[in-house]
Amino acid sequence: MKKTSEIIARVINELFGSDTSVELTRPEPQFGDFATNIALKLAKDIGKSPREIAEKISEKMQGNNDFKKIEVAGPGFINISLTDQALVELTQYKPVASNQALSYVIEYSCPNAFKELHTGHLYQTILGDVMARLIESTGASVHRTSFGGDIGLHVAKCLYGMVQNLGGELPQKLDDISKAPMERAYWISQCYVAGSQAYENEFAAKNQIELYNQTVYKIHDSNEHGTPIAEIYWTTRQWSFDYFEAFYSILHVDNMRYIPESSTAELGLSLVKDGLEKGIFKESDGAVVFEGDLQKKLHTRVFITSKGLPTYETKDIGVIFTEKQDYNFDKRLLITGNEQSEYMKVVFAAADALSPGLESAMHHVTNGTVRFGDGKKMSSRLGNVSRAIDVVNFVKDRIRDIGSQADIIDDVALGAIKFEFLRHRVGNDIAFDIEESVSIHGSSGPYLQYAHARACSILEKSKYSENPEFIMSGSLEESERSLVRKLGEYNEALDKSVNELMPHHICTYLYELAQEFNRFYEKSRIIDSDREILRIQIVIMYRDTLARGLNMLGIVAPEKM
RNA sequence: GCACCCGUAGCUCAGUGGAUUAGAGUAGCUGGCUUCGAACCAGUUGGUCGCAAGUUCGAAUCUUGCCGGGUGUACCA
């Protein structure tokens, strides 16, 4: 594709002396393999009719070995058909690792300690993992981080609930709780709910919880481990971290470094106080604020409260600089829900004021919220529907019902969940219909996994499947050509996903690819056909492309299912 | 009030740094398995791309104004 666009650019330069980059699109197959509207774009500058320009360009392109046919269509589109040989070459193209020297930080998932992961975390963890894979594919070194609260009111509420549950500040009683990370997390979350309710309803509890809030800060300040309440705090905090690890491993996403808020508050606080002296921050009603700017569409936000406590803003400043110190990132990608979009603009602007240039190195991607397509059905079957683990288990059960082989149920269930989340454009809300997501028909993870398994099964039956070289003699038949053409588009879909940080392009592509294969398969006999050698080569390319795409999405491509 | 995001077929979504005849899945209807895995394929029904104006040879896509939905708007995280 790049090669073709360069050829056209050169031709334009020779004809009209202007330097332009030529963008090619993939038109309907009947119009050719590539198309460009460059003539229409040039018409104004050159002062000739688009059609005339297109004719000249196409004339000059004739005779190139890669092109079978070049036509001018409509108002001045140039439609290009490649030779079969050139089409096959496109499938061989490998993208170059262009970001080898760059250091990336990508922060996502970000659950609070002492809480369970909900559906939003599930989505974001999957999305962030794929974003990281996409960036890794360009050769950059990627550091995955997750940032969350291990201090604050929610922790105090939880501590209160735990103490009630244990019958006092009795850390030794924690031994009676399950050893399993998921069950421990469940217990902690139950305590949080109880503590939360007590906070709302009981005056004495509210006072005690506010005391605990102070206590937790003190525990950190003095690194206190001796008191019973400190012991409960440190132990269950670790349980929380263990639970995160356990959950990420269920999802088969790479481990990330969890940066707790307690470790960034101090750094953030000192940076903001420095900034206050430099006039970056201002005092207002006893609080330290970053003043908004109507032009830049920033609103004013508090960084240090009038009581001297750091807000989330300051902790976020802390984590930015922690990551800068530890990884010296060139780019920092942050993924959060889109409700934080305005908030984060302010934090980024403040960070940039503290260290000029930082803002341009940071990029905030916001994801939509996960809604439930059929709320009624969900809640009756699942109870608490917002828990991530319930969604995972539900999908596993459904996949099991369908009758998949036991050893790949987890892979298929995860494939279903991941694909369902990833096929949507990032930023849009996701209507998660759980029944639909486990569907094995249509645009789904299991459909693609099945497609892969089927290709593997065909290859197993042919004696030519070990042949690594693509040998082409003669020309491609129509159904072969359509599939080869589609195979060549993988790299374009990947590039698009990387450049836009939009994984759904790969999803769309893989589904189209599988459909194209199924059409080919209906029409063309493979095994025992006189074109078996050629067709097997195409199936190999197909299987590999499918596997590469699925792996990029963090989905296992099974050989059997 | 102001700011940001969204509005495409009954439902779920692609397509939105302009382009040839708006596409998929799903639901409905029809046809195709003694044949390489039918978890499939083919055909069909279904759309004034929220509304209106503007820019252009050309707008789902860009601009403006409305309508509708969501979110955010200083001491919670």
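Here is how names work: the chains are called A, B, and so on, in the same order as the sequence lines, proteins then strands, and each is numbered from 1. Computed from heavy atoms alone, side chains included, the values below leave out hydrogens, waters and symmetry copies.
- Interface remark: the A:T305 side chain does not form any donor-acceptor pair with the B:A74 base, using a distance-only criterion of under 3.5 Å.
- The phosphate of B:G15 has OP1 or OP2 within less than 4.0 Å of a side-chain N or O from A:R425.
- The ring of A:Y521 does not lie on top of the base of B:C41; it is either too far (5.5 Å or more) or too tilted (30° or more).
- Each of B:A77, B:U12, B:C41 was ranked by its minimum atom distance to the side chain of A:Q515; first place goes to B:C41.
- Here the side chain of A:Y509 pairs a donor or acceptor atom with the backbone of A:K486 at under 3.5 angstrom.
- If you check distances only, the side chain of A:S306 does reach the base of B:C75 with a donor-acceptor pair under 3.5 Å.
- The separation of B:U63 from B:U21, taken at their C1' atoms, amounts to 27 Å, rounded to a whole angstrom.
- The P atoms of B:G50 and B:C33 are separated by 43 Å, rounded to the nearest whole Å.
- The side chain of A:K560 has B:G37 as its nearest neighbour among B:A19, B:G37, B:G17.
- Electrostatic pairing of A:E532 and A:R525 does not count as a salt bridge here, judged by no charged N lying under 4.0 Å from a carboxylate O.
- Within the model, atoms CG of A:L510 and CG of A:L448 stand 6.0 Å from one another, a figure rounded to the nearest 0.5 Å.
- Comparing A:I526 and A:V412 along RNA chain B, the residue whose closest nucleotide (by nearest heavy atom) sits nearer the 5' end is A:I526.
- Each of A:R519 and A:H299 was assigned the nucleotide of RNA chain B with the nearest heavy atom; the assignment lying further toward the 5' end belongs to A:R519.
- Distance noted for atom P between B:A60 and B:U45: 23 Å (whole Å).
- Residue A:S262 holds its OG atom at 11.0 Å from CD1 of A:I219, rounded to the nearest 0.5 Å.
- Nucleotides B:A9 and B:C62 are separated by 25 Å at their C1' atoms, to the nearest Å.
- For A:S443 against B:G25, no side-chain N or O and base N or O form a donor-acceptor pair under 3.5 Å.
- Among the nucleotides B:A14, B:U71, B:C4, the one closest to any side-chain atom of A:E342 is B:C4.
- No close placement of the A:Y160 and A:Y199 rings is indicated, their centers lying 6.0 Å or farther apart.
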